[in-house]
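Encoded as structure tokens, the structure appears first; notes follow it.
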2 protein chains.
Amino acid sequence: MYESEIQEIVKSYFPNLKEESLDAFIKHASYLKSTKGTKLISEGKRHRYFYLILKGGVKSYYSKESREVCMWFAFKNEVVGTITTYEGLPSKETIELLEDSELIKFNIEKIKVLTLTDLSISHLMNSIIIKHTLFLEERLYQLQFMTSKNRCKVLYESTPEIFQKVSLTDVASYLGVTRETLSRIRSK
Amino acid sequence: MYESEIQEIVKSYFPNLKEESLDAFIKHASYLKSTKGTKLISEGKRHRYFYLILKGGVKSYYSKESREVCMWFAFKNEVVGTITTYEGLPSKETIELLEDSELIKFNIEKIKVLTLTDLSISHLMNSIIIKHTLFLEERLYQLQFMTSKNRCKVLYESTPEIFQKVSLTDVASYLGVTRETLSRIRSK
DNA sequence: GAACTCATTTGACATTTATCACAAAGCAAT
DNA sequence: ATTGCTTTGTGATAAATGTCAAATGAGTTC
């Protein structure tokens with residue numbers, strides 16, 4: 001993929017990015033095509049990138065004692081990464097492709113350097129983080145207030161594609177129940 | 001309290017704020033002393049402020065059908081607010097004083113205007129948000145992976161003052177159990 | 001199509017936690 | 001100290017969910 005194509009894509013995804021910031025931003029972006037199961041970010045390691053999904057999907061999960069708990073899923077047109085990576089720390093999560101996907105990857109270290117002098121880029125990164133923060137708050141709210149049956153229902157209504165693309169085991173862990181329980185509650 | 005005193009305090013709390021940004025920042029800060037039970041931010045309303053706690057403590061909670069669930073607690077030297085307020089949206093949470101407290105309040109709208117032209121202030125707000133995001137991720141992790149007994153233990157070990165200053169009912173809701181259950185598990 | 005693998009469903013049972021009711025303890029005002 | 005109020009603790013029971021085991025179903029390979 002040519003740099004000019006990447007530029008067009010990035011421009012359309014981040015319309016608030018000023019023209020003069022765009023060039024610098026693009027310098028740290030590159031196209032990436034990869035297969036199902038590939039890990040974009042692995043738990044315990046430091047990484048340099050965050051990603052924009054052009055095609056495909058990913059899951060994020062924590063693992064502990066051979067148990068995996070999914071924290072979120074993302075598909076086409078979403079920006080993904082981990083906040084620990086942004087902070088230069090080892091990631092606590094793993095981000096893995098759910099299917100063969102196409103992405104644009106951005107060098108986070110380089111782009112952080114740009115935020116030191118470029119307001120437009122600083123605001124862009126800000127808004128990406130805030131979007132994630134709002135998502136986490138909503139998720140916590142649902143875990144604390146809603147029954148597992150309702151969480152399942154709300155998820156199905158808001159993003160039915162998750163049930164097509166993600167295994168029930170993973171959806172169950174995301175909803176905070178075992179797969180057996182999810183299997184039962186969703187038929188009721 | 002004189003402006004010069006506020007300036008000293010703010011400067012010491014936000015050492016990364018550049019000297020030339022500090023003056024503009026301080027213009028939107030003021031001292032506030034208030035009594036237990038006062039609501040700094042009320043659910044459903046738009047607000048203009050975030051706060052730095054000089055003395056005292058607060059709790060944040062969501063309420064639904066007369067049930068309250070605490071989302072976090074904060075004490076001396078912590079910055080508090082809601083991300084929805086920062087985004088100019090009505091708050092989903094209520095923030096209430098746990099005891100008579102002294103605070104500095106900052107006008108969020110005005111400071112957001114400053115972030116449009118001031119990198120130093122933009123970065124400061126960023127880092128405050130990121131700190132909160134890391135907290136939310138840790139909390140989600142604990143809710144998904146740890147037993148209620150362990151969550152209780154970890155909370156007691158990390159911030160014992162919560163058990164002194166907050167009612168068991170509130171702590172229980174924060175930990176995701178009923179107060180009866182918390183009463184039982186903590187004695188075991 | 002048979003054999004194999006993997007995901008999902010179902011059943012039986014154990015465990016945890018919620019719920020409801022009430023008792024005990026702590027605290028403030030008189 | 002007595003009264004009233006709020007918070008915390010305890011007991012009995014019900015509901016939800018976890019755990020383990022086995023069955024079914026769907027997809028793949030030979």
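Residue numbering restarts at 1 for every chain, and letters A, B, ... go by the order of the sequence lines.
Interface residues of residues 138-168 of chain A facing DNA chain D, ordered by number: A:Ser148; criterion, heavy-atom separation under 4.0 Å. DNA chain C is contacted by A:Arg179, A:Glu180, A:Ser183, A:Arg184, A:Arg186 of residues 178-187 of chain A, taking any non-hydrogen atom closer than 4.0 Å.
Contact of the A:Phe14 side chain with the A:Val79 side chain is registered, since non-hydrogen atoms from C-beta on lie closer than 4.5 Å.
In the 5' to 3' direction, nucleotides of DNA chain C lying under 4.0 Å from heavy atoms of chain A begin and end at C:dT8 to C:dA12. For DNA chain D, the outermost nucleotides in 5' to 3' order that have an atom under 4.0 Å from a heavy atom of chain A are D:dT17 to D:dC20.
The ring-ring contact (aromatic ring centres under 6.0 Å, His included) check on B:Phe163 picks up B:Tyr156, with sequence neighbours excluded. With sequence neighbours excluded, the residues satisfying side-chain contact (heavy atoms from CB on, under 4.5 Å) with A:Arg151 are A:Gln142, A:Leu143, A:Met146, A:Ser148, A:Leu175, A:Val177. Partners of B:Arg48 according to the salt bridge (Lys or Arg N to Asp or Glu O under 4.0 Å) rule, which considers only residues two or more places apart in sequence or in another chain, are B:Glu109.
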Report all side-chain donor-acceptor pairs from residues 27-36 of chain A shorter than 3.5 Å, counting only partners two or more places apart or in another chain.
residue, atom, partner, partner atom, Å
A:Tyr31, OH, A:Glu102, OE1, 2.5
A:Ser34, OG, A:Thr38, OG1, 3.1

Compile the donor-acceptor pairs under 3.5 Å between side chains in residues 83-90 of chain A and protein atoms, sequence neighbours left out, one pair per line.
residue, atom, partner, partner atom, Å
A:Thr84, OG1, A:Thr82, OG1, 3.3
A:Thr85, OG1, A:Thr82, OG1, 2.6

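Every pair passing ring-ring contact (aromatic ring centres under 6.0 Å, His included) that includes a residue from residues 167-186 of chain B is listed here, sequence neighbours excluded: B:Phe73-B:Tyr174. Note on residues 94-123 of chain A: pairs passing ring-ring contact (aromatic ring centres under 6.0 Å, His included), not counting sequence neighbours, are A:Phe25-A:Phe106, A:Phe50-A:Phe106.
B:Tyr61 and B:Asp170 share no side-chain donor-acceptor pair at under 3.5 Å. Side chains of A:Thr94 and A:Ser42: a donor-acceptor N/O pair is absent below 3.5 angstrom, by distance only. In the model, B:Glu43 has a side-chain atom that pairs as donor or acceptor with a side-chain atom of B:Ser63 under 3.5 Å.
Residue A:Lys165 qualifies as enclosed at atom NZ: its count of foreign heavy atoms under 6.0 Å is above 12. B:Lys18 NZ: 12 or fewer foreign heavy atoms inside a 6.0 Å radius.
Taking the six-membered ring for Trp and thresholds of 30 and 60 degrees, B:Tyr51 and B:Tyr49 have ring planes inclined between 30 and 60 degrees apart.
The main-chain N or O of B:Ser167 is never found under 3.5 Å from a side-chain atom of B:Thr169 such that the two would form a donor-acceptor pair.
The C1' atoms of five pairs define one axis at each end of the helix from C:dG1-D:dC30 to C:dT30-D:dA1, and these two axes lie 40° apart (to 10°).
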